[in-house]
Amino acid sequence: MSVGTNTSNMIRDARVLQDEFLPREVGHRDQEMNALTRALDPVTRNEPAETAFLFGPSGTGKTCLARFALARLREAVLDLNYQYVNCWQDYTRFRALYRILEAIGSTADIHRQSTPTDALLERLEAYDGPEFVVVLDEVDQLQDHDLLYDLYRTVGVSMVLIANSEEELFARLDNRLVSRLHASTRIRFEKYELDELVSILDDRVRWGLDVEAPRDRLVAIADAAAGDARVAIGILRSAARQAEGTEVDGIGMDTIRTAIPAGRTEVRRRNVEQLTPHQRVLYDIVHDHGTVTPGELYEEYRERVEEPRSDRTVRNHLSKLAHYNLVEKHGDGRGRTYHHPE
DNA sequence: TGTCCACTGGAAATAGAGGCCG
DNA sequence: CGGCCTCTATTTCCAGTGGACA
């Protein structure tokens with residue numbers, strides 16, 4: 001509590017409001033935690049774990065729970081090796097394997113443009129340390145699903161796979177993989193209920209802020225987040241930052257109301273900054289129009305850019321923009337339109 | 001109902017940037 | 001240096017989807 005100061009020092013521990021923050025306990029996910037712990041349990045005896053699949057919409061705690069379970073496991077198994085791979089960033093077989101090898105420290109002499117991917121796999125196969133747990137997040141973004149097959153066959157490597165949709169992922173895997181992975185543990189995550197989100201927010205406020213947060217304010221945030229914990233915490237972060245130094249007695253309802261869109265635009269701005277020039281042009285076109293048909297979009301893109309890429313490449317860019325919520329796709333086939341999200 | 005066709009996204013081919021080695 | 005190798009981005013190819021319209 002800040003007492004008797006004009007400019008409040010509201011944020012006590014900013015880390016608590018970051019996406020990467022890992023709480024000491026994970027609430028509202030007991031069943032899921034038990035299932036994952038059971039799947040990973042053999043690792044404590046240095047035996048291969050059951051492959052675990054975590055499915056569910058974004059912001060439902062899949063990544064958080066996986067990291068949490070591994071941190072727990074690490075307490076029980078001192079020399080545990082594990083690596084977390086985000087397949088959106090490392091989407092080629094080469095890059096994902098490279099990331100995996102980083103965890104066992106054998107990447108020093110690997111060069112991007114001269115080492116064959118198979119050589120990376122050979123290194124992983126040569127690994128003979130304790131059971132190695134690999135978490136593949138956003139695994140449906142992997143360009144080459146053979147990597148899953150490679151890892152599945154590699155002795156001493158256990159997998160935790162994370163994806164949004166079970167159906168979509170399995171539809172894209174070939175049969176030998178589907179049948180092999182059929183026996184794995186599948187864990188479904190549902191969107192958080194309103195009161196669950198409120199209690200998650202309440203924890204973060206108690207750990208990270210030096211103010212009381214009346215329940216109705218947290219409810220307002222949770223309501224706007226629609227079951228997505230990442231969005232909820234983003235709004236809280238944005239509100240706390242706005243309120244810091246200006247509000248003496250906590251976060252006001254008005255601050256929260258402006259933080260709801262501010263949380264979204266903040267994320268969007270960060271993402272826009274990372275776009276390539278071509279992607280940026282596409283984003284601008286959709287932004288300028290609000291709603292645009294694919295034909296108009298391609299045409300205008302070709303006008304605005306010196307050396308336009310092919311339509312197929314443009315579609316790849318648009319998929320990327322859609323994943324980062326920078327554009328929305330509506331409809332399919334001939335009825336497709338692109339929208340600027342609001 | 002059937003045909004047309006704008007549009008999609010998977011898969012394979014290709015180009016090009018850059019390291020390695022004699 | 002020049003030939004050979006790799007990865008990555010992009011293009012090429014194409015079967016499939018679903019509005020529009022007779």
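Every chain is numbered from 1, with letters handed out A, B, ... down the list of sequences.
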Query raised in the report: Backbone N or O of Ala49(A) within a donor-acceptor pair of the Ser158(A) side chain at under 3.5 Å?
Result: yes
Query - Test side-chain hydrogen bond (donor to acceptor under 3.5 Å, both in side chains) applied to Thr255(A) and Gln242(A), step by step - result: CA-CA 7 Å; Thr255(A) 307; Gln242(A) 275 182 60; 5.3 Å; no
Report task. Starting at atom CG of Asp311(A), determine the distance to atom C1' of dT8(B), rounded to an integer number of angstrom. Result -> 11 Å
Query raised in the report: Does dC7(C) have OP1 or OP2 sitting under 4.0 Å from an N or O in the side chain of Thr115(A)?
Result: no
Query raised in the report: What's the CD1-C1' distance between Ile110(A) and dC20(B), to the nearest Å?
Result: 15 Å
Query raised in the report: Can you tell me if the side-chain N/O atoms of Tyr98(A) get under 4.0 Å from OP1 or OP2 in dT6(C)?
Result: no
Query raised in the report: Within the structure, does a side-chain N or O atom of Arg312(A) lie under 4.0 Å from either OP1 or OP2 of dG9(B)?
Result: no
Query raised in the report: Which one, dT11(C), dT8(C), dT6(C), comes nearest to the side chain of Arg95(A)?
Result: dT8(C)
Report summary line: From CG of Leu297(A) across to P of dC7(B) the rounded distance in Å is 10 Å
Query raised in the report: Less than 4.0 Å between a side-chain N and a carboxylate O, is that true for Asp118(A) and Arg93(A)?
Result: yes
Query raised in the report: Between Asp144(A) (CG) and dA13(B) (C1'), how many Å, whole number?
Result: 15 Å
Query raised in the report: Which residues in residues 328-342 of chain A have at least one heavy atom lying under 4.0 Å from any atom of DNA chain B?
Result: Lys329(A), Asp332(A), Gly333(A), Arg334(A), Arg336(A), Tyr338(A)
**Report entry** Nearest-angstrom distance from the residue atom CZ of Arg309(A) to P of dG9(B)
**Finding:** 20 Å
Query raised in the report: Would you say Ser114(A) reaches dG19(B)'s phosphate, i.e. side-chain N/O to OP1/OP2 under 4.0 Å?
Result: no
Query - Stepwise salt bridge (charged side-chain N to carboxylate O under 4.0 Å, His left out) test for Arg188(A) and Glu166(A) - result: CA-CA 9 Å; Arg188(A) 268 186 188 290; Glu166(A) 172 171 9; 2.6 Å; yes
Query raised in the report: Is Arg315(A) touching bases, backbone alone, or none of the nucleic acid, heavy atoms closer than 4.0 Å?
Result: base
Query raised in the report: Is Leu101(A) linked to Val160(A) within one hydrophobic cluster, defined over Ile, Leu, Val, Met, Phe, Trp and Tyr using a side-chain heavy-atom separation of less than 4.5 Å?
Result: no
Requested in this report: Choose from dT11(C), dC7(B), dT6(C) the nucleotide whose nearest atom is closest to any side-chain atom of Pro294(A).
Outcome: dC7(B)
Query raised in the report: Within this structure, what is the CD-to-P distance between Glu307(A) and dT11(C), rounded to whole angstrom?
Result: 10 Å
Query raised in the report: Any Lys/Arg nitrogen of Glu273(A) or Arg268(A) sitting under 4.0 Å from an Asp/Glu carboxylate oxygen of the other?
Result: no
**Report entry** Below 4.0 Å: OP1/OP2 of dC7(C) and any side-chain N or O of Thr92(A)
**Finding:** no
Query raised in the report: Is any NZ, NE, NH1 or NH2 atom of the basic residue among Arg172(A) and Glu168(A) found under 4.0 Å from an Asp or Glu carboxylate oxygen of the other?
Result: no
Query raised in the report: Taking atom P of dT10(C) as reference, at what distance in whole Å does atom CD of Gln143(A) sit?
Result: 12 Å
Query - Nearest-Å distance for atom pair NE2/P, residues His317(A) and dC7(B) - result: 18 Å
Report task. Could you work out which one of dG19(B), dT10(C), dT8(C) sits closest to the side chain of His111(A)? Result -> dG19(B)
